[in-house]
Each structure stands twice: as structure tokens, then as C-alpha cells.
Amino acid sequence: MTSHHQTLALLLFSGFVAITLAITTWVSRNRRGSAEEFYAGGRLFSPMENGFAIAGDYMSAASFLGVTGLIALFGYDGLLYVVGFLVAWLVVLFLVAELVRNCGRFTLADVVAARMNERPVRIAVGTSSVTVSVLYLVAQMVGAGSLVALLLGRSGEAAQAWTVIGVGALMVIYVSLGGMRATTWIQIVKAVLLLGGTIALTVLVLLRFHGDVDRLLLTAAERSGHGDAFLAPGLKYGGDWTARFDFVSLGLALVLGTAGLPHILSRFYTVPTARAARRSVVWAIGLIGGFYLMTIVLGFGAAAIVGPKAVSGSNAAGNTAVPLLALNLGGGADSTGGTVLFAVVAAVAFATILAVVAGITLASSASVAHDLYASLRRGGGRPRSEVAVARVAAVGIGVVAIGLGLLARDLNVAFLVGLAFAVAASANLPVLLYSLFWRAFTTRGAAWAVYGGLVPALGLVLLSPVVSGSPDSLFPAVDFQYFPLQNPGIVSIPLGFLAGWLGTVTSAEVPDEAKHAETEVRSLTGAGAV
């Protein structure tokens, strides 16, 4: 890219950073310093504000960069991510949103521990929440690295590494100083910017083809080199039975994983009532649905206008399809329009990554402080406040995410998020649903449900083609690939539910009927909710 692209994009990105840091500074001066303020923003946000924030949290680098890249490279099969990400919200709306808001206080573990022996449950759910959050953070770091490589003309890994470190440092600042209130406003600003940029690009793509969607699809198929197969299932996931099982596994992970994502569940505590939580989800579904419909146009537009060869030539995983599309729509690399549009899209993508990593880091640091620290701390010495521990945890989580992000920089960000969704669906969703709906559920069942999904999910990923045994693996020079699927969801999700059931039926613990009745009434009516 030319120096004009770099300079303008960095100026726009710097402007966003300046605005968000100003928001963070303002909030840090006006906060009370309480746990409720830090974790839940004082529960003062309206359904519309929270709906925009949820959309900002959910529309990540995986959506804007990864999904469009997969559609540009694989056509119809890339649509699986769009369908999975959107359908998942029906599970959240009907099974989770109101009940979680009524039963919990700050984290997922609050819901589960309400009728269990708290210590083992909080340790298990806190560990799982941090694991999911770190996996999700890695995807955002990879997206940041891809953008920097494009902006700097792939001029070396050092600049890429320093930018990932910079993103990590900024997210720690947002979380440590501003807490949930600053993070929420950053999400809202980012959602507006992302939706505005996506609408503009979609309109330009449709204008390029005079509103003829059929012509857009046919041109994309023609330029793909695959012909009609580009518009039919099977290009990525239909080659053999292994690929088909991978397809089913990924679909399960995407549809079921959202309801177990810690940073999404924590957003329901920022509104005053369960009704407001449900209305927040309705707002979010409308915004997210519109966004994903537009990513379909952008994906096929990148295939038709830029071409899959150019997309994969810039980034093998397709993560730079949208910036390249913007460059072309604006008139090309040497044009003023192309420079401006490319810079705007790159800046919006950077803003997307920054906002999402702030939300995830806050959720994971809350799990460390509110669940793990409070449960593992022994007597002796002066106990530190949860908020102070959360700020320290944010730094540690940022360091881990930066390191893993640099290691996994050549993987598609949507694919990486699929792994995070698989772990969330395997470890968090079973224990959440059992806690809310199964009267006989016990403490052992809760711990087994978490570990019975978490350990197989992580173990199968380590033994899969993602880590070793193929040219695209993290460690291509070694081969300890014993599990053929790239996504473990089809195996690990049922194992999580099975382990929870098995732990419960083999437990000598007598379920507390009074606590279950209290939880049931509270979840359904909101009586006694915080």
C-alpha cells in the first residue's frame, strides 16, 4: 500500500483512539469505584443503548474481516458462519437473556452457584470463562495483525507484532480505567461506525452491479475459478465425510456457543431489569441481522470485484478481503477515492478490534476476580478488593492474548472464533441450561459438565489439523494429529451434557429443593433479582 493509505488510515484510527480514551478518562473521573460500577456500569443503560453495545460486542473482526473473506474464497460454504452467528441469537433470546439477568449478579458463575456449593462451581466456571475469552481474544489479535500487514505492505513481522502489542495495551487501559461503563460507550460508538461503513460499502457494491444481485453472484462465480460450484454447498466442507462432519460440528458450535460466551452474558447485567435485557436482545438481533445480510453482499462483492486470487494473495486466510474491496470500489490504489475508502475501512476495522477486545477482557478479568480469586484466596494477609484484582487480571490476560495472537497470525479469524464458540458451547452452555431447568442438578454435576466439555474441546483441538500435521497448521513441522476435524463441537458438546448428567446421577448430594424453587421463581419473575 502507498504511504497515503498508511498515513490516512493511521490518522483516522488515531482519532478513534483519542475519542475512546477521552470517554475512558471522563468515565474514570465520574465513577464510584464499586464492583457494580466496574462490572455492570451501575446497571444504568437503556435497552437501546445496551442493544447497540451487544451488537458492538458481537460484530467482531471475525464478522467484518473473517466471514467476508471466507465467502470471497469459498462462496456458499462461507455463508455457514453468517447463518450460525445469527440463528444463535434465538437461543439467547428464548432461553438465556431474561433468566440470566434475574439469577446472576456479574458473571455466569453467579447463575450456577446460586443453588450449589459455591467454591468448586465458581472455580470450574471461572476457568472455562477465561479460556473462552482468551481464545476469542486471539482471533481479534490475528485480525489486527492482518490489517497491519496490509497497511504496511507486509514489510516485516516486527511492525505486525508491535501493533498487536499496542492493541493489547489499549484494551488494558480501557478496562482498567473505565470498567463496564467506558467499555459500553466504546462499543456503541464502534457499532455506529461499523454499521455506517458496512452500509456504505454495500451500497457501492450494489451500485457497481446496478442493483442486479444475480449478476453479482454470477460474476463472483465466474471470477472464482470454480464456476457454479462456488454458489453451491461443498466447496470447503463437502469434499469427503470428514469435511461434512466438520460442517455439522462448526454449525453446532456457532448456534449453541453464543449463549455461553462470557462477554455476551455479562452485558445482560448492565440494564436494570430482565424486561430490559430481553428488549436489548431484540435491538441486537435487528442490528446484527442487518449487518450479516450486508456481509454476504460484501463477501460476494470481494469475489466479483477483487477476485479470490487477489484476496488470498494478500492474505491466505482471506482476512483482508474487505479493505481490498474498499480500495477497488474507491477507484484503485492510486486514486484519492480508493485511498480514502481504504483508510476509512481499515480504521473501522481497527476500531472494531479495539472495542471487542475491551469487552472480552473485562468479562474475563471479572471471572478471575469475582469467581477465581474470591474462591481460591485463603486466609492470612490483607485481601485485595475485587476491582483491584480485576485490573491486574486484565493485564495478565492481555499479555497471554498478545502472545497467542502472534503465534496464530496466519489463521482465519472467523475460524478461530469458531473454536471459541465450540469451547463455550461445550463447557458453559450445559452447566447453564442444567442449572436453570434441571431440578435434580448437583454441585458435582456442575463441575463435571464444565470440565467434561472444556477438557475434550481443548484436547481435541490440540490433536486436530489446526495445531499440527498440515501445511496450514500452527506447527506444520510436527505431526500429532489424531483427531480429523478442525472444530471439536460435534464431539465435545454432547460430552459436556453427558458429563453433567453423569456427575449428577452418581452424586450423593441431595439437591436443595428450597434453593431450586427460589432460583426458579427468581429466574421467571425477577423477584429478588439484583
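What you are looking at is a predicted structure, and each value in this text was computed from that prediction instead of being measured.
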Any side-chain heavy-atom pair from [X] and [Y] closer than 4.5 angstrom?
X      : Y      : result
Val82  : Ile71  : yes
Met59  : Phe64  : no
Phe437 : Leu99  : yes
Leu80  : Pro233 : no
Val134 : Ser364 : no
Leu432 : Val100 : yes
Phe85  : Val67  : yes
Thr504 : Arg444 : no

Stepwise side-chain contact (heavy atoms from CB on, under 4.5 Å) check, Phe268 with Val271: CA-CA 6 Å; Phe268 299 136; Val271 290; 5.5 Å; no
Side chain of [X], backbone of [Y]: donor and acceptor closer than 3.5 Å?
X      : Y      : value
Thr320 : Pro323 : no
Arg223 : Pro308 : no
Ser435 : Val431 : yes
Thr219 : Ala304 : no
Tyr434 : Phe497 : yes
Ser129 : Gly126 : no
Gln187 : Ile54  : no

For the [atom1] atom of [X] and the [atom2] atom of [Y], what is their distance to the nearest 0.5 Å?
X      : Y      : atom1 : atom2 : result
Thr107 : Asp371 : OG1   : CG    : 3.5 Å
Leu79  : Thr295 : CG    : OG1   : 8.5 Å
Ser128 : Leu458 : OG    : CG    : 8.5 Å
Ile123 : Ser367 : CD1   : OG    : 13.0 Å
Phe421 : Leu261 : CZ    : CG    : 4.5 Å
Leu254 : Leu86  : CG    : CG    : 11.5 Å

query: For the side-chain contact (heavy atoms from CB on, under 4.5 Å) test, which of Leu485, Val491, Val455 pairs with Leu460?
result: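 Among Leu485, Val491, Val455, the one meeting side-chain contact (heavy atoms from CB on, under 4.5 Å) with Leu460 is Val491.
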- request: With side-chain contact (heavy atoms from CB on, under 4.5 Å) as the test, would you mind laying out the steps for Leu372 and Arg122 before giving the verdict?
  value: CA-CA 7 Å; Leu372 296 178; Arg122 285 193 180 277; over 6 Å; no
- prompt: Is it the case that more than 12 heavy atoms not belonging to Asp228 sit under 6.0 Å from its CG atom?
  reply: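 At most 12 heavy atoms, drawn from other residues, nucleotides or ligands, come within 6.0 Å of this atom.
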message: Please determine whether ring pair (Phe, Tyr, Trp, His ring centres under 6.0 Å) holds for the pair Phe74 and Phe230, giving the CA-CA distance in whole Å, both sets of side-chain angles, and the decisive distance to 0.1 Å.
response: CA-CA 6 Å; Phe74 301 107; Phe230 190 72; 8.7 Å; no
Cut-off 3.5 Å, no hydrogens considered: what does the side-chain donor-acceptor table look like for residues 244-251, sequence neighbours left out?
| unit_1 | atom_1 | unit_2 | atom_2 | d |
| --- | --- | --- | --- | --- |
| Asp246 | OD1 | Gln486 | N | 3.1 |
| Asp246 | OD1 | Asn487 | N | 3.1 |
| Asp246 | OD2 | Gln486 | N | 3.0 |
| Ser249 | OG | Asn487 | O | 2.7 |
| Ser249 | OG | Asn487 | OD1 | 3.4 |
| Ser249 | OG | Gly489 | N | 3.0 |
| Ser249 | OG | Ile490 | N | 2.8 |

query: Where do Asn50 and Arg267 land on the side-chain contact (heavy atoms from CB on, under 4.5 Å) test, with the steps shown first?
result: CA-CA 7 Å; Asn50 199 42; Arg267 294 236 57 93; 3.3 Å; yes
query: Do you know the tightest heavy-atom contact between Ala422 and Ser492?
result: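 Distance-wise, the nearest heavy atoms are O-OG, 4.4 Å.
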task: Compare every heavy atom of Leu419 with every heavy atom of Val461, then report the nearest pair and how far apart it is.
output: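 That would be CG2-CD2, 4.1 Å.
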task: Would you please name every residue forming a side-chain hydrogen bond (donor to acceptor under 3.5 Å, both in side chains) with Tyr76, sequence neighbours left out?
output: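 Per chain and number, Tyr76 pairs via side-chain hydrogen bond (donor to acceptor under 3.5 Å, both in side chains) with no residue.
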message: Would Leu433 and Phe441 count as a side-chain contact (heavy atoms from CB on, under 4.5 Å) here? Give the steps.
response: CA-CA 10 Å; Leu433 294 184; Phe441 198 43; over 6 Å; no
- prompt: Relative to each other, are the rings of Tyr292 and Tyr58 parallel, tilted or perpendicular (30° and 60° limits)?
  reply: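 The rings of Tyr292 and Tyr58 stand perpendicular, inter-plane angle above 60°.
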